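Take a look at the structure below.
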Amino acid sequence: MDMTRELRWFRSMVLIRKAEEAVIAQYKAQDKIFAAKQVPEHTIKCPTHLSIGQEAAAVGLCDALTPTDLLVSSHRSHAHYLAKGGSLMAMMAELFGRVTGCSKGKGGSMHLVDASVGMMGSSAIVGGSLPLAVGFGLTFKMRGERRVSVACFGDAAVEQGVFHESMHFASLHKLPVIFFCENNGFATLSPISSRQHVPIHTRAASYVMPSAFVDGNDIVAVSKAAWEAAERARSGQGPTLIECETYRWMGHVGADSDAGTGPRTVELFEQWKRRCPVEEGRRILYGRGVPDADIAAVEQVVTEELAAALAYAKASPAPRTEEMFDDI
Amino acid sequence: MTSERMLAMKDAIAEATVQAMEDDPGVFVMGVGVDDVNGIFGTTKLPFERFGKEGRVFDTPLSEPTLTGMGVGAAMLGMRPILVHARCDFLLETMDQIVNHAAKWSYMSGGALRTPLVIRAVIGRGWGQAAQHSQSLQATFAHFPGLQVVMPADAYGAKGLLLSALRGNQPVVYLEHRWLHNMQAPVPEGRYAVPIGKGDVVRSGKDLTIVAVSHMVVEAKKAAATLASEGIEATVIDLRSIRPWDADLVCGSVSETGRLLVADTGGTSFGVSAEIVATVAERAWGKLKAAPARIGLPDCPTPCAPNLEAAFYPGPEAIVAAAHRLVSSAVSAPSHASEGSEDKPFNGHF
């Protein structure tokens, strides 16, 4: 493991964290203006499902992927989009509903796409994108391409029929697919204990599929599992199910924390916050003797990129009304 | 004319599939039973014989939602999947993937990713197939922007529409009626496209316009022949495409005849016939000489018992009866057939 790689991880996690903090800041700022019965100059008006606290899973996964590997995601897709290398400027423009957005302002936060880096979009229907990833895998196999297809989803997707159908088909045809589950323990406010009684990773056995169960906040562990799964896929040995145990710090949707709401106790939040993926990434760098100045420089670059992306988004035009019927 | 080759619709579908597979290595066929001895009413037999060994025509698990999503994913990468269902009813299992994913992925990605898969499904009818094996769901799918819906009424349309679907850039729901599979029509041997969104005038007449869909085109032609023997000349339009549908052709014809009758294989309530009548009312109100009529399925799941089934499906008699009502309700007085008796032979399910 070389320094470059660890710095890259850190940079990617910081980018995701700061981008989502910027979304929160934007929401708070515009809410204040609305509360004063004024109209803010720039607004994000789409539901955003933040990944703060889950950065290590996305970044660890994408460590094992190349731009020609394809990924689809769920409603909570900012981290996957950015970790896969999606354009930050196009993402911010999309959130602001601008025509320069990655989906020309027609998709919003839940439908981020950047095909140039293999980010093939995300579905706001829980489990909905899994079959698409199987379709990519089928295509790779039919064309004899050594590429990997990934479906990122949350724990609730496992409760959908398409999870089982997709796992089954991918295993039946030994397709190069990684089923990547970030189990954050909650579907909105419903704890997994009220929804499931079979450990997610053990489902793979039903489909004669290898699986891995990892600490989703341990980027080294996630990356290792992802590399093994990707190698398996590329060498024609078929799909893998990876379950990452993690936690989202924010509420299911929007800019507010829901710590203290029902089963999402403050204690639970504090417990996971002590295992912050970004701080863990920083500790890894300290452990490798990376000087503070180098780390600060990475953070500074990300801050500047983010400022530029926000400025770009705000300066970009909205789609013209007559463009509404394009791209159907 | 004399040397025209006749082909059954099932063979026309098979031929279009094979030709598309020859032309484009991305075309493949998947579905439950597409490789078995029956080959989905014979439509996939030839494709399997030709391309089965290459893995381009393959059997699948009964996982309809995931099969659709796989087709969406493959289509995004430039493949041309043809997903085949032996019954239209099975599409209801996969509505989420068809409506929320296939139909919307392009729009949600700002056009960056297109999903031109073709979903073939067979409308079962007859032999007591009852409520879950006989549905004709074109109106359901036509409701959604992002989907195209086509319904061939003969072998010529079947081949040309399938080839068009496989060259387009939108997902296409291709609904084929079981009763048409063995009907023959002249079909060119070469490749040709029947444009999606265009209807076809199969018979011209000045007195009324009958817009028909799928198997109802066959029934409408029979009805038009009966009407002609009575001196009523009907235009019959094979709509071919449900979404988009040829409103210009229909409204133009109704502007000339002043009378509209729509015959659909689906239900009348909230159906294709309702949409067509509404559009004509909006666009050609001043041209109408009589209130438009709809022939379709009544508000009832398909029954099994032979007598109920016979009463459930309207045939040429129902079309003729409706045409009589349309013509007789014209501003001028009814010219023939004594009132009260005209409906008698045609009272069908009504």
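Keep in mind the model is a prediction, meaning the values are calculated, not measured. First the proteins, then the strands, lettered A, B, ... as listed; each starts at 1.
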Please classify the contact of [X] with chain B as side chain, backbone, both or neither, using a heavy-atom distance under 4.5 Å.
X        : value
A/Phe169 : side chain
A/Met324 : both
A/Leu172 : side chain
A/Met120 : both

Quick check for you: among [options], which has the greatest number of heavy-atom pairs under 4.5 Å with chain B?
options                                : answer
A/Gly107, A/Gly137, A/Ala115, A/Gly128 : A/Gly128
A/Gly161, A/Pro319, A/Ala133, A/Pro131 : A/Pro131
A/Val134, A/Leu138, A/Ile125           : A/Ile125

Here's a test: name every donor-acceptor pair under 3.5 Å between chain B and chain A, with the distance for each.
| unit_1 | atom_1 | unit_2 | atom_2 | d |
| --- | --- | --- | --- | --- |
| B/Thr66 | N | A/Glu165 | OE1 | 3.0 |
| B/Thr66 | OG1 | A/Glu165 | OE1 | 2.9 |
| B/Thr66 | OG1 | A/Ser166 | OG | 3.4 |
| B/Met70 | N | A/Pro131 | O | 3.4 |
| B/Leu77 | O | A/Arg143 | NH1 | 3.2 |
| B/Leu77 | O | A/Arg143 | NH2 | 2.7 |
| B/Gln97 | NE2 | A/Gly128 | O | 2.8 |
| B/His101 | NE2 | A/Ser123 | OG | 2.6 |
| B/His101 | NE2 | A/Gly128 | O | 3.4 |
| B/Trp105 | NE1 | A/Met120 | O | 3.0 |
| B/Ser106 | OG | A/Asp327 | O | 2.7 |
| B/Tyr107 | N | A/Asp327 | O | 3.2 |
| B/Tyr107 | OH | A/Met324 | O | 2.7 |
| B/Met108 | O | A/Ser103 | OG | 3.0 |
| B/Gly110 | O | A/Lys104 | NZ | 3.1 |
| B/Arg114 | NH2 | A/Ile328 | O | 2.8 |
| B/Gln170 | NE2 | A/Ile328 | O | 3.0 |

Next on the checklist: Need one label for B/Leu77: side chain, backbone, both or neither, based on atoms under 4.5 Å from any heavy atom in chain A.
Outcome noted: both
Item to check | Which residues share a side-chain contact (heavy atoms from CB on, under 4.5 Å) with A/Pro67, sequence neighbours left out | outcome: none
Checklist entry - Between CE of B/Met76 and CG of A/Leu70, what distance do you get to the nearest 0.5 Å? => result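 Nearest 0.5 Å value for the CE-CG distance: 9.5 Å.
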Next on the checklist: Can you give me the closest heavy-atom contact between B/Gly146 and A/Ile328, atom names plus distance?
Outcome noted: N-CG2, 3.4 Å
